[in-house]
Amino acid sequence: ADAAPATTPQAVVDSMEAVFGPNTGRRRNHTKGLCAEGRFTATPQAARYSRSPLFNGQPVPVQARFSLAGGRATAPDTARSPRGLALQFQLPGGALHQMAMLNVPVFSSATPESFFARLDADRPDPATGKPDPARQKAVAERYTDNKPLAAWMAQHRPPPSFANASYHGLHAFRFVNAQDQARWVKWRFVPRDGEQELSEEQLKTAPADFLAPALAERLRKGPVEWDMVLTLGQDGDPLTDPTQAWPAGRTEVSVGTLQIQRAGGSGCEAINFDPLVLSDGVQPSPDPVLAFRSPAYATSWVRRQGEAAKGEVAKGDAPRGEAAKGNPPRGEAATSEAVRR
Ligand code: HEM
């Protein structure tokens with residue numbers, strides 16, 4: 001067999017296209033989703049942890065996108081895959097701060113290499129049109145970092161509504177306050193409506209598309225709210241491996257409330273939700289998965305925006321008219337593909 005290709009953002013996005021289909025004009029991962037809008041307001045105690053303008057207590061406008069993990073635009077909403085929430089905060093003065101989170105407490109992969117190996121093992125074999133089971137088995141034996149997520153997924157079913165899920169940042173970040181005091185944290189957004197899971201029975205009978213209608217229906221009663229909860233790290237907590245949850249019993253602090261007020265439309269379609277678009281007072285950990293995400297998202301963004309600008313958009317929940325707007329991505333891949341063209 002050929003040597004495995006290097007784990008580059010472009011190779012990973014190529015592999016997404018091979019596994020899920022080209023998704024022309026659309027996200028190569030988390031392809032099925034919907035836009036939403038609202039605002040975020042920090043609690044008074046938030047500024048003790050970070051000096052970011054995100055946490056100054058003034059309401060900050062938010063563009064959001066709820067999604068299903070994976071590159072299948074027609075995935076049923078019962079799919080036993082993670083759900084996503086991406087947020088873009090418009091800070092005072094216009095600067096942006098972004099997050100992209102999942103409704104699971106740990107990630108599948110400790111490194112970009114294992115993520116890529118697992119993804120690429122699902123690539124259809126040209127001879128059969130199906131993934132090669134021997135290759136999948138070899139990858140499963142070689143990389144076991146997905147065990148914590150697999151165990152969690154086996155015990156949990158998908159939510160009946162995006163409003164009934166907690167969304168986890170998963171990576172460690174360093175919060176720095178106005179006195180230059182720094183500490184390691186993780187965060188999650190906890191729904192005020194409470195977490196819920198579909199029953200096994202509902203999983204069998206629910207229609208393919210209930211998540212967008214459920215959110216629209218819930219919003220008729222008023223905004224949906226989540227508390228942003230920080231977990232304060234202690235010495236020795238893993239900072240570079242998103243497959244490892246921190247030990248239970250860590251101090252938790254509520255630092256703000258996200259209010260989703262409206263859903264639908266295309267206001268989020270052209271946004272590249274890059275987890276490294278941060279503001280002063282929030283710094284990334286040296287987690288290799290976090291570092292790899294930024295250029296991978298930019299690679300997907302450059303391809304889909306280029307296609308959308310030419311009017312090439314695959315059918316489905318496609319962007320409508322907003323394709324050419326939005327913030328340009330940062331990162332090496334975007335620079336090389338977009339600027340040098
Ligand atoms: C090596 C690891 C990962 C790779 C290569 C990867 C890759 C991607 C790509 C290419 C996209 C589409 C971007 C676009 O076209 O705008 C995407 C979307 C997304 N990813 Fe990841 N991802 C990784 C890890 C993660 C992790 C750890 C999280 C959560 C903490 C996450 C959450 C999301 C979410 C929520 C979206 C949808 C964003 C939106 O709605 O625009 N991903 N990912």
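In this text the structure is predicted, and so the values were computed from the model without any measurement. Atoms within a ligand are numbered from 1 in the order they appear, just like the ligands themselves.
- Set against the non-hydrogen atoms of V289, the atoms of ligand 1 under 4.0 Å away are 1 (C), 2 (C).
- When L85, D227, V224 are each tested for a side-chain contact (heavy atoms from CB on, under 4.5 Å) with L258, only one passes: L85.
- Distance from atom 41 (O) of ligand 1 to its nearest protein heavy atom, with residue and atom name: R27 NE, 2.6 Å.
- Nearest to atom 5 (C) of ligand 1 among the protein's heavy atoms is F115 CE2, 3.4 Å.
- Atom 21 (Fe) of ligand 1 has as its closest protein heavy atom Y297 OH, 2.0 Å.
- Within the 4.0 Å heavy-atom criterion, the part of M101 lying near ligand 1 is the backbone and not the side chain.
- Which parts of ligand 1 touch G169 is read off a 4.0 Å heavy-atom cut-off, strictly below it: atoms 30 (C).
- Partners of F162 under the ring-ring contact (aromatic ring centres under 6.0 Å, His included) rule, at least two apart in sequence or in another chain, are F66.
- The shortest separation from a heavy atom of R303 to ligand 1 is not under 4.0 Å, leaving the residue out of contact.
- Residue contacts with ligand 1: H171 is included, with a non-hydrogen atom under 4.0 Å away.
- Taking every heavy atom of F273 and a limit of under 4.0 angstrom, the matching atoms of ligand 1 come to 39 (C), 41 (O).
- Between E252 and R188, at least one side-chain N (NZ, or NE/NH1/NH2) sits under 4.0 Å from a carboxylate O, which counts as a salt bridge.
- Atom 15 (O) of ligand 1 has as its closest protein heavy atom S300 OG, 2.5 Å.
- Residue S67 places no N or O, backbone or side chain, under 3.5 Å from any N or O of ligand 1.
- Protein heavy atom closest to atom 19 (C) of ligand 1, with residue, atom name and distance, is H30 CD2, 3.2 Å.
- By the criterion of a heavy-atom distance under 4.0 Å, both the backbone and the side chain of N29 are placed next to ligand 1.
- Nearest non-hydrogen protein atom to atom 32 (C) of ligand 1 is R293 NH2, 3.3 Å.
- Note: no N/O pair closer than 3.5 Å links H168 and ligand 1 by distance alone.
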